[in-house]
Colleague: 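The structure follows.
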Amino acid sequence: MEIVKTGRFETSIGTFRVAFCDRGLLFLELPHANGGGLPRWLVRMAPRARVDHDAPLPEEVPRQVEGFLAGERESFDLPVDLRGTPFQLAVWRELLRIPYGEVRSYGEVARAIGRPRAVRAVGTANGANPLPLIVPCHRVVASGGRLGGYAGGLELKRRLLAVEASRARGPAKLL
């Protein structure tokens, strides 16, 4: 039987909730996130797992997340265990290819995965991303540069993009 451990940690922008297993990080819930959050993810993606709540977190998780939020880190070096449909996994792999400080439109992501007419489905997969920040769904915008949605709210998305864009011009911090 699979064991999924859950925990939480504080950052400069609020409390993150996480789920992880022996293979890696499974879920990262942004502070003030909308949607079903960790309980819904567990029911859908790990229904038979035994859940160990409030397990000690690998110390690298909060350290790397806070470093990213502070503009001191451009990527993550954490093992992950992404779970989703084949389409979602294709979208999330493409998100991992978007360089730090750059954005892509939902249409560009759809074309990159060979599904140019699946723009809305890309948006849905983007919104279902279980590892925001790590799989950088905040780097996807609507056509014309409009922000579109974000589980952590548009203000957080704006701030993340601003930190990334300004890092090339010098140190930047989210807060």
Side-chain angles (χ1 to χ4, degrees), residues 9 11-20 24-42 44-45 61-62 64-71 73-167 172 174-175:
F9 62 94
T11 70
S12 59
I13 66 167
T15 304
F16 280 77
R17 292 176 59 187
V18 298
F20 57 99
L25 197 59
L26 296 160
F27 187 86
L28 180 71
E29 184 174 34
L30 297 168
H32 317 294
N34 53 35
L38 182 56
R40 182 176 177 200
W41 185 91
L42 287 167
R44 291 176 57 220
M45 303 308 288
V61 174
Q64 289 189 30
V65 168
E66 192 63 52
F68 184 83
L69 295 173
R73 168 175 215 97
E74 293 184 5
S75 62
F76 292 87
D77 182 24
L78 297 168
V80 298
D81 183 4
L82 277 171
R83 299 178 184 190
T85 68
F87 181 82
Q88 288 172 327
L89 292 169
V91 170
W92 300 336
R93 281 191 299 271
E94 187 59 31
L95 300 183
L96 288 166
R97 291 184 184 100
I98 303 172
Y100 184 90
E102 294 184 21
V103 297
R104 299 289 185 272
S105 71
Y106 295 102
E108 288 172 315
V109 173
R111 286 188 294 280
I113 65 167
R115 301 281 303 274
R117 301 179 90 187
V119 175
R120 287 187 181 175
V122 165
T124 300
N126 203 51
N129 173 14
L131 294 172
L133 303 183
I134 296 164
V135 177
C137 54
H138 63 278
R139 295 180 189 151
V140 182
V141 298
S143 61
R146 291 175 292 125
L147 290 188
Y150 191 60
L154 289 182
E155 181 56 32
L156 178 57
K157 184 172 186 169
R158 239 182 243 104
R159 292 165 68 190
L160 289 167
L161 293 173
V163 166
E164 289 190 20
S166 67
R167 188 157 191 263
L174 188 57
L175 291 179

Colleague: Looking at residues at least two apart in the chain, or sitting in another chain, which of them share a side chain to side chain contact (heavy atoms under 4.5 Å, CB included) with V18?
Modeller: F9, F20, L25, L28, L57, V61

Colleague: Is there a side-chain contact between L161 and L147 (heavy atoms, below 4.5 Å)?
Modeller: yes

Colleague: Determine whether L160 and L133 satisfy the following criterion, side chain to side chain contact (heavy atoms under 4.5 Å, CB included), listing intermediate values before the conclusion.
Modeller: CA-CA 9 Å; L160 289 167; L133 303 183; 3.7 Å; yes

Colleague: Grab the two heavy atoms, one from G152 and one from L156, that are nearest each other, plus how far apart they are.
Modeller: O-CB, 3.7 Å

Colleague: For a side chain to side chain contact (heavy atoms under 4.5 Å, CB included) check, start with the C-alpha distance between L131 and L78, then their side-chain angles and the critical distance, and finish with the verdict.
Modeller: CA-CA 11 Å; L131 294 172; L78 297 168; over 6 Å; no

Colleague: Partners of S143 by side chain to side chain contact (heavy atoms under 4.5 Å, CB included), sequence neighbours excluded?
Modeller: R146

Colleague: Please list all pairs passing the side-chain hydrogen bond (donor to acceptor under 3.5 Å, both in side chains) test where one or both residues lie in residues 116-137, with sequence neighbours left out.
Modeller: none

Colleague: Quick one: which residue pairs count as a salt bridge (Lys or Arg N to Asp or Glu O under 4.0 Å) with a foot in residues 123-141, not counting sequence neighbours?
Modeller: R139-E164

Colleague: With sequence neighbours left out, what residues match F76 under ring pair (Phe, Tyr, Trp, His ring centres under 6.0 Å)?
Modeller: F68

Colleague: Which pairs, with at least one residue in residues 148-158 and sequence neighbours excluded, count as a salt bridge (Lys or Arg N to Asp or Glu O under 4.0 Å)?
Modeller: E155-R158

Colleague: Under the rule for side chain to side chain contact (heavy atoms under 4.5 Å, CB included), what residues qualify as partners of P99, not counting sequence neighbours?
Modeller: E102, R104

Colleague: What pairs with R17 under salt bridge (Lys or Arg N to Asp or Glu O under 4.0 Å), at least two apart in sequence or on another chain?
Modeller: E29

Colleague: Looking at every non-hydrogen atom in both residues, tell me the closest pair between Y150 and H138 and how far apart they are.
Modeller: CE1-CB, 3.6 Å

Colleague: So, using side-chain hydrogen bond (donor to acceptor under 3.5 Å, both in side chains) as the criterion, who are the partners of Q64 when residues are at least two apart?
Modeller: E60, R73

Colleague: Mind listing the closest non-hydrogen atom pair of L82 and P130 along with its distance?
Modeller: CD2-CG, 3.8 Å

Colleague: Might you point out which heavy atoms bring G37 and F27 nearest each other, and give the distance in Å?
Modeller: C-CZ, 3.6 Å

Colleague: Determine all donor-acceptor pairs shorter than 3.5 Å in which one atom belongs to a side chain in residues 87-95; sequence neighbours excluded.
Modeller:
unit_1	atom_1	unit_2	atom_2	d
Q88	OE1	T85	N	2.8
W92	NE1	A125	O	2.9
E94	OE1	R97	NH1	3.0

Colleague: Taking side-chain hydrogen bond (donor to acceptor under 3.5 Å, both in side chains) as the test, write out the residues that go with R115, two or more places apart.
Modeller: none

Colleague: I need the full list of salt bridge (Lys or Arg N to Asp or Glu O under 4.0 Å) pairs touching residues 75-91, with sequence neighbours left out, sorted by first then second residue.
Modeller: E2-R83, R23-D81, D81-R83

Colleague: Of all the heavy-atom pairs spanning V140 and S105, show the shortest one and how long it is.
Modeller: CG1-C, 4.0 Å

